[in-house]
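In what follows, a single structure is set out as structure tokens and then discussed.
To find a chain, count down the sequence lines: A is the first, B the second, and so on, and within it residues start at 1.
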Amino acid sequence: MATKKQTPKTTAAPAAGWKYEPALESTDHVRFEKRYGHFIDGKFTAAKSYFGAINPATEEQLAEFGQGSAAEVDTAVKSARRGYEKYWSKTPPSERAKYLYRIARLLQEHARELAILETMNGGKPIKESRDVDLPLAAAHFFYYAGWADKLQYAFGGAQVAPLGVAGQVIPWNFPLLMAAWKIAPALACGNTVVLKAAETTPLTAMKLAEIFQEADLPPGVVNFVNGDGRTGAALVNHPDINKVAFTGSTEVGRAIQKQLAGTGKRLTLELGGKGANIIFDDAALDQAIEGIISGIFFNQGHVCCAGSRLLVQESIHDEVVRRLTHRLSTLRVGNPLDKNTDVGAINSRAQLDKIEAYLGYGVEDGAVRHSAPCPLPGRGFFVAPTFFTGVAPAHRIAADEIFGPVLSVMTFRTPEEAVAKANATPYGLSAGIWTDKGSKLFAVASQLKAGVIWGNSFNRFDATSPFGGFKESGFGREGGRQGLLPYLEVRG
Amino acid sequence: MKTPAQTNMRLTVAKTYKLFIGGAFPRTESGRSVALRNRSGEFVANASRASRKDLREAVVAARKAAESWAGRTAYLRSQILYRAAEMMESRRESLTATLVKAHGKTAKAAEAEVSASIDRLVWYAGWCDKLTQVLGNQNPVAGPFFNMSSPEATGVVVLFAGESSPLLGLVSIVAPVICGGNAVVACSPIAHAPIVIDFAEVLATSDLPAGVVNLLTGNRDELLPTAASHRDIDAIGAVGLSMEEQVLLEGGASATIKRVWIDTDRTSSAWALADHQSLYRITPFLEVKTSWHPMGL
């Protein structure tokens, strides 16, 4: 990769002498197997071949997981079909609800262990898996539990029915939470599931399988096949799947939509994004700076709805950059298990390579790089949180989804220009608007082509709040009442 | 053969059936026309056979109209759809006559199809300002935020009408899509041209802004691949596709993650049934937008 030499601009670290002592979360009470195959028909089953999954913060192998073959996927789908016909479709809705409530409660009871495992396998800071991923995962089961026996009230005048067997494929950025987003509404609506977790982060799905056993969920109602994209392709193309739900890259989503053409399978896609975070000159700047930081550096920027394009009103650009530079210097990057860590490990070597390539493209295309001055651990996959100034909309860092802690700063003069720039992307997942003027906020929000709009906030999530994209960010919603629709046949 | 010179009879003024794009009635840019004949083989009219370029022009017109249409108040959109129903009512005799003369319907069937089409427009007109309430809601998030979800138009929608029921089949798929605030390009079979263009004249006199509905007549096998792969179309709806066409449409749509809605074709009497007017024919062409704002002093 050819890049021009450029020393990142940094400012001095804050008041010397005051340092954070490590505050490590202890891992001595977490337990997991050395090897997992799949979870089919209510039991852990062996696989024909295995691959290793690592801790990205140490590069040490955590456990081995089955590489699901077409035959193993077929066994899982058959189990889900049997689970649907024999148990789940015959379980009264009120009892379905109680299973889901049970699962929610068990998730809460196992929250600490699951949070630690999520951090060990995924690399995200423990404070995020503890305070965001786990509470939200439990909340999703709890929220959808209540819908299971109230579906007739969900969509006025319509009769609803389950679809059958859902094949679900989820990404590595929120492994357990994405599993909850997918499984909870599917089960509440009366479907059974075969889910494939991402190949770098299958660990918490296996723990979730243990919870399903603990909850006495009937066999076959939820099945997990492990493996890489080949396993995912076998799953979504299986002829006995009625519905496919995919969260991941737009590229893979496109391929799935194409493969499913003419099959009559229902499809929902939650794909990439290049969210605009718009800062008007009348915004409360202290809050806006925190919103910008969490918007792009939350979960190392491995967030499809990240606010990766900062649109700043020209008159306050220099002030925002000054404050951002300072705030960047206070971010703590390092061991994800340290409770003080703000930015953890990049999920994989491949993702780190991609992010580093984009850091190079930014400089190559003529933008100015500002990286946090923090020291990075010697082992594991880490990158300094970075923003670029002097970015033009045509730059690769402004147009492509990087899926890392890299922010592109651009400017605008009028609200009309802000809207035009924010919408000038094939994506349409999220956007942020920072202004103290309510009328301006409503006017801009109504013109943005994005599925989630955060006014004077960013990266907020809730089980009751529908999430999903416009345009090439996909279709279908997860969360809230609208999140039931992808899993129901609606007639009326 | 009798001529006016011999009999003093009045020479009738034959109508030229063109296309309806951006509020105007242009000929197809390709200059192609197809002679339509009735069941006994008599010449009815020449109809335009829309080209791929006509489709692209119509998409440009729809894109131009989409934002302002979605931005009108729901009350106004509702009134405009209702106005279209009024215009249809005032032309019901001429529409019925076209269905009889050009499309071989019995007078009774033609009248029923026109009536059902008018009623369908009225039904969807009423939805414009109720969609948001029925499909949207406030979400009780676990924190100090005001959070609400509301439906918005998907954008530019291309529709392919089926072979049967040239008027009701078209109205039944166009009305729900524009009622949700989308702009539409609807493609009907060439043989439908007389009633399709009569319907275009209804729309042209209904205060419907130019470009919100564009009507083409053409061959589906020529237009469908262009629509499927077009990068500035947000959604496609189609009636009565073969399996081959479905694969082509859904496969092509994946390039830009278009929303695709496919339904089976039906006879006029089946289209007339009340269950073919449904809120859930509007939803495939809507997006849900969820907005958050903190609450606090």
Chain A contact via [X] - which portion, at a heavy-atom distance below 4.5 Å:
X: B:R281; answer: neither
X: B:F146; answer: neither
X: B:V134; answer: backbone
X: B:L135; answer: backbone
X: B:A253; answer: both
X: B:E152; answer: side chain

Does one side chain, of [X] or [Y], offer a donor that lies under 3.5 Å from an acceptor on the other?
X: A:T250; Y: A:E472; answer: no
X: A:K243; Y: A:T268; answer: yes
X: A:H140; Y: A:W181; answer: yes
X: A:N277; Y: A:W434; answer: yes
X: A:Q257; Y: A:R254; answer: no
X: A:S294; Y: A:N459; answer: no

*asked:* Under 4.0 Å between a side-chain nitrogen and a carboxylate oxygen: does that hold for A:D282 and A:K437?
replied: no
*Are A:K449 and B:E287 close enough for a salt bridge, meaning some N to O gap below 4.0 Å?*
no
Which region of [X], side chain (C-beta onward) or backbone (N, CA, C, O), has a non-hydrogen atom less than 4.5 Å from a non-hydrogen atom of chain B, or is it both or neither?
X: A:S473; value: neither
X: A:R477; value: side chain
X: A:F461; value: backbone
X: A:A463; value: neither
X: A:P426; value: neither

*Highest number of heavy-atom pairs under 4.5 Å with chain B: which of A:L448, A:I433, A:T263, A:L485?*
A:L448
*Highest number of heavy-atom pairs under 4.5 Å with chain B: which of A:S465, A:A450, A:S457?*
A:S465
